Structure formats: structure tokens, C-alpha cells
Amino acid sequence: MRMKLRIALATILSLLVASCGGSESDSSQTNGTPADNDSQVTVTTQRKAVLNLSIQTDKACYRPGETITFTANGNMPNGVTVRYLKAGNVVETETVRGSTWTWTAPLSDFTGYLAEVITTEGNVESILGTVGIDVSSDWTRFPRYGFVATFDDSKTDAVIKEEMAFLNRCHINGIQFYDWHYKHHWPLGGTRGGLLDNYTDIANRNIVTSVVRRYIDVQHQLGMKAMFYNLCYGALNDYAADGVSGEWLMYKQPGHGDIDQLVLSSAWKSNILLANPANTAWQQYLAERNDDVYASFDFDGYHIDQVGDRGTVYDYNGNRLNLPKGFGSFITAMKAAHPQKRLVMNAVASYGASQIAQTGSVDFLYNELWDSESRFEDLLTVRQANSAYSNNKLQTVFAAYMNYNKSSQKGTFNTPGVLLADATMFAIGGAHLELGDGHMLCHEYFPNSNLQMSEELRQGIVRYYDFLVAYENLLRGGGEEVVCDIASGNKGVSINAWPPQQGKVTAYCRKAATGQIIHLLNYRQANSLSWRDMDGTMPAPQEVTGLPLSVKITSAVKRVWVASPDALAGAPLELSFAQKNGVVTFTLPSLKYWSMIVIES
């Protein structure tokens, strides 16, 4: 049977051919359910992107049932409509008067929402602004990790609040405190009950204890969690004076004559000598130092670092060490010492990743990516491996440094390179450690702030993080990875299945309970297939508009919609479609970097 259905506007809404910057455009939409699998649905309601409001929430994430406070900056008409959507479906609508209002978070835990502010005239809806909302009682279910790395007198209360306000706007819910500590083997500046007001870190930078404490306080007010950074095996050259035994260290040769160490600049405090992470006396010693840290600061957990594969190394007695196994032993000991605190450990170039994940004691997986994992396709390989190591229980955060070759000089990030990397990471179910205290990461030494974000990139980043939050259940909520059968009706636009190819649009697909999710990623103008964009030369993709698509799908389709951080600030757009002989056809309004198509069956 063929049926043609014309259905008026219901509850869902949408995304149009509009850029994040707020240029106007329109499209049509409605909502309908075909009676069988040979059908047609036509969308009629027009939507226009105005985007003249900047909307923010008072916290980065919320507990179920918690009150959410919204603030809109810009030209806020009196009596606008606010819709709250979950995975593209409206769950509540209200009329708002004034630039500040509240909403009670639904009781469904670990759920992302999008709030959109609209006005309506006839059958035309104008979207004024959007914001994502994460309702999660545990931040590690959908970690969005940021950092702070400078703690000197320049960090006044006003500066701290301004920095954290931007991270809050991007929904960053966990913060790594990088190089906040006095010594690797004695992280506290002073002693428990006798803290120093000021001390120096490994690079002899000034650290102000009250600044560290103030960062934690402000982050907690915003619903963020604070993780202190330290190596799992670092000791400075005065280790013996602080009670560390040479028998706990790691050696390059049998006979304990050559301590393994990181050689640093002579202007720094010391080289970093490396301990054996599996040595139980060392583990007990560092757990006691962490006792001091937790007693002195309200940190929520320990971000454990390493420095990658050290080659062949030995313990004091000449036994060859298995470092990844030692990492697992160290993590287990830290969890036993402080079971209520959170743990995450860096897997440098995936070194030790399986042993880290299989402890069952880390809260998400963190991969610092280097040349061996520099291609877009490597991102999915790492994320899939992490999922396998953790039995699909733990999320992945990529520590991935953009425009690395530019990091030695002042400049700005290349917006297309950053957004294409984020689009790929987010589409495949990962997150990106990149945002911090006033700057974005371009280097493994987090205080390096040589590259800054342009205003265009800042706006784009906000849109991308709103999207990551609003659709977290579709992006990071599991589902079966599949190869979808999708074809372009435009001879100038070729679509290939993962992995990415230059000159083409790549489809990465998942099958969820409600249907199929298709991510289209635009590499048509990409000058390389490296996410790193080392020299900052990745060109912006040319936007494709009005792209005819066909997808083979055997089940009856009731709805097709699309959302993109590159258009209408991430709001969903319902599409007209036809289904005949197991093929669904529709037209994608736009594709710039990334569009997510959802086909509901």
C-alpha cells in the first residue's frame, strides 16, 4: 500500500540550514507516522534561525530533580516559548517572561536535554537560542574534562570566576589540576596543618595555595569535580630527605646504578626520577602523601599520569619490570587507600590501556594521543579498544593537542582543524580534553598558552559542547556499530563508509533501540587525514546544501530528523521523506563539518 500523509506541526522541531553564527534561513517540518513501510511524510512548518540570544545555565550538570536556572543575554522578547527536548523529542513546553527562569530537572538519570527558545508567527518559528543540559548524578558517566594549570597571583577571584564561567558554558564537569603540586613525591606545599602560602612547582613557577583552594570552591559551586594531577612514579632528586628509598626506584640496567629519569631543563627544580609503580612500599608512601592532600584540599580524586613506554627497565634487585602490570597494581592500591575518591589514568599512546581499564578502579579512560595515533581513523580504533577493555562500561576522553607545530609561538588556533577533530571525536562517542583556564591546549605542557581561540572558534566550541551534552545518549549511550547503506543523489558528493577518505563524506553509523543513527563527516576539502592539523592548515569544508540521500532500511520508518552543531545551534529538524521497497529517501538541508541523521523505526 502507498499512503501519502500530510501532518500538521506536532511536538518536535528542528534544525535548519543555518550556521552557528546565526544567519537566517528557513525550512519546513511536521511530525507523522506512516501506516506501513511504503509511505511518504511531508513536513510543512517553517523554522528560521535568528540566534540573537546567548543562553547559559548555572551549573555544568545537574542531579535528577534539581532546579536548573537559565539566563538569556540579548534581545529577549516578553513571552517566548521554551521547549525542552530529549533525543530530538519535546518533553515539556512553557512560556517564559523575563531573561531568567528555572526548570526542574526530570527524574531520569544520565540524560541529555536541549532547551530552545522560540517565537512563532503563523507557521514560521524563529529559534532565538539553545543550550544543552546534562542531568547526571555521576559526572563520570558522560565526562567532559577540562584543566587548570596556572595558580599564581594573577589568578584573582574575578579571573577564576571568568575562566570557570566559560568552562561552565561548555558544560565541563571535571577539571584536571595540572602541575599544582610542590614535588611529585611530596605533592603538598608544606605539611598537613602547616601549609605554605606560596611554593614553587617543578618548573619553579609560583603556586599560591589560596588560588588552588579557590579554584576548587568555584568549580564545586558550578557542579564540577576537581582532580589533582600527579605521576604514578615521580620523585625529585631530594627524594631521600623526604623518606623515599632508592630501593623503590626504577633502573635502566640491572645493578641499580642508573636511575631511569626524565631529564628536564636546568632552570627547573629537578629532573624527575621514576619509581617502580608496583613497589608496595612506594605505593604506601604515596598513598600517605595523598592522605595529606585530601585532608588539606577538597579534591574529588586523583588524575594519575605516566610518560609512556620506557623500554627495558629493572627494579632495585635487577628484575625486569612489566610497567603496564605495575600500573594496574598502582591503581588498585590507590583505590584501596581512598575508595571514595575518583581515579583516572593516562594511557600515553595507549601504553598500558588494557591493564588500566581492567583494574575496574578507574572511572573513565583517558588517552594522550601521539604520532602513532594521529589519523582520524585511529580515534575510533582507540575508542573501540577502550570499550572492549572495559566491557563497554567506561567512556573515553582524548588528550589530543591541536596545531602542535604552532605551539612555540604566539598565534591562534585554526578553527577548521579544531572543529573537524571535535566533530570526529564526538561523533564516534568520545570527548576531547582541550579547554582550560583561559586557553585551549596546543601542547602536552598545559601552561603553554601561546595559541588562543578566535571569537569564531569560541562560538563554535560552545555549539559543539551543547551538542555533545544535548545528544549524549545518542552519541555516548551505546548501541551497535553498523555499516549503513547510504547513498548520495548528488554526483559531486561521494559518501563512503568509515574510515575517512579525503575528498569524500564519511558515514559512521549506529543502530539504537529506536532506529538508526547516521553521522556524516565532511572530509571533502581536508588536506590530510590527521586530526592533529599540525601546522594549522586544514581548510574549512565547503558546505553542501540540499543533498538528496537514500538509505536502505527494511523496517517501517515513522520519522527522519537531523541535527548538527553547525546549523540552528544544534536544534533538531524533522525531514520530509518517502519509503518504498526498503529504501528511504530524503533531502539533507545542509552539511558543513558534521550532521547527525536519526531514522526512527
Side-chain angles (χ1 to χ4, degrees), residues 11-13 53-72 76 80-118 129-146 164-165 167-175 216-227 298-301 340-342 363-364 393-395 431 462 465-478 512-514 563 569-572:
T11 51
I12 273 275
L13 319 138
L53 294 179
S54 173
I55 307 170
Q56 60 189 38
T57 56
D58 59 328
K59 290 186 179 180
C61 56
Y62 299 87
R63 298 183 304 273
E66 189 174 0
T67 298
I68 303 166
T69 300
F70 299 86
T71 302
M76 180 78 162
V80 298
T81 298
V82 179
R83 290 193 179 104
Y84 305 99
L85 302 97
K86 178 177 74 173
N89 294 281
V90 174
V91 296
E92 190 173 335
T93 302
E94 63 176 328
T95 300
V96 168
R97 291 175 172 81
S99 59
T100 300
W101 71 97
T102 63
W103 184 52
T104 301
L107 297 180
S108 179
D109 206 353
F110 306 120
T111 305
Y113 298 89
L114 184 76
E116 58 177 26
V117 177
I118 67 168
T130 67
V131 66
I133 307 157
D134 178 18
V135 179
S136 295
S137 60
D138 184 342
W139 71 283
T140 65
R141 178 65 182 86
F142 296 114
R144 297 175 297 278
Y145 213 21
M164 294 304 101
L167 296 192
N168 178 65
R169 181 59 190 85
C170 296
H171 317 285
I172 299 300
N173 55 9
I175 305 289
I216 297 171
D217 290 344
V218 172
Q219 290 160 13
H220 284 171
Q221 293 166 14
L222 295 171
M224 303 172 183
K225 301 300 182 182
M227 303 283 286
D298 193 16
F299 280 117
D300 299 287
Q340 302 307 313
K341 298 296 184 178
R342 299 310 181 94
D363 291 279
F364 57 92
K393 293 179 180 179
L394 300 180
Q395 300 285 356
V462 168
Y465 278 80
D466 273 340
F467 197 87
L468 179 65
V469 167
Y471 300 104
E472 61 192 14
N473 302 100
L474 299 179
L475 297 172
R476 308 172 80 186
T514 55

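It should be emphasised that the depicted structure is a prediction, and the values quoted were computed from it without experimental measurement. As a basis for the values below, the full set of heavy atoms in this structure was taken, side chains included, without hydrogen atoms, waters or symmetry mates.
The aromatic ring centroids of Y62 and W103 lie 6.0 Å or more from each other.
We find the CD-OG1 distance between E92 and T104 to be 8.0 Å, quoted to the nearest 0.5 Å. Between the CG atom in D363 and the CE atom in M227 there is a gap of 7.0 Å [rounded to 0.5 Å]. In this structure, L222 CG and D217 CG are separated by 11.0 Å, a value rounded to the nearest 0.5 Å. In this structure, CG in N168 is found 7.5 Å from CD in Q56, a value given to the nearest 0.5 Å. I133 contributes atom CD1, which lies 3.5 Å from atom CZ of F70 (distance to the nearest 0.5 angstrom). Atom NZ in K225 sits 8.5 Å away from atom CG in D138 (nearest 0.5 Å).
Side chains of F142 and L468 form no contact here, defined as non-hydrogen atoms less than 4.5 Å apart. Annotation: side chain of H220 is in contact with side chain of D300 (closest heavy-atom distance under 4.5 Å). The shortest side-chain heavy-atom distance between T140 and Q395 does not fall under the 4.5 Å cut-off.
Remark: side-chain polar atoms of N173 are not paired, donor with acceptor, to backbone N or O of P143 under 3.5 angstrom. A distance-only check finds no donor-acceptor pair linking the side chain of Y145 to the backbone of A431 [under 3.5 Å]. Of the possible donor and acceptor atoms, none in the side chain of R63 sits under 3.5 Å from a partner among the backbone N and O of L107. In this structure, the side chain of E472 engages the main chain of G112 through a donor-acceptor pair within 3.5 Å. A donor-acceptor pair is defined here as one N or O able to donate and one able to accept, closer than 3.5 Å; no such pair exists between the side chain of R97 and the backbone of T95. In terms of modelled atom types and a separation under 3.5 Å, the side chain of N473 and the main chain of F110 share a donor-acceptor contact.
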CA sep, side-chain torsions, deciding dist, call: Y84, E94, side chain to side chain contact (heavy atoms under 4.5 Å, CB included): CA-CA 9 Å; Y84 305 99; E94 63 176 328; 2.4 Å; yes
Test side chain to side chain contact (heavy atoms under 4.5 Å, CB included) applied to V135 and E66, step by step: CA-CA 9 Å; V135 179; E66 189 174 0; over 6 Å; no
Salt bridge (charged side-chain N to carboxylate O under 4.0 Å, His left out) assessment of R141 paired with D134: CA-CA 11 Å; R141 178 65 182 86; D134 178 18; over 6 Å; no
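For the residue pair Y113 and S108, the shortest heavy atom distance occurs at OH-CB, 4.1 Å.
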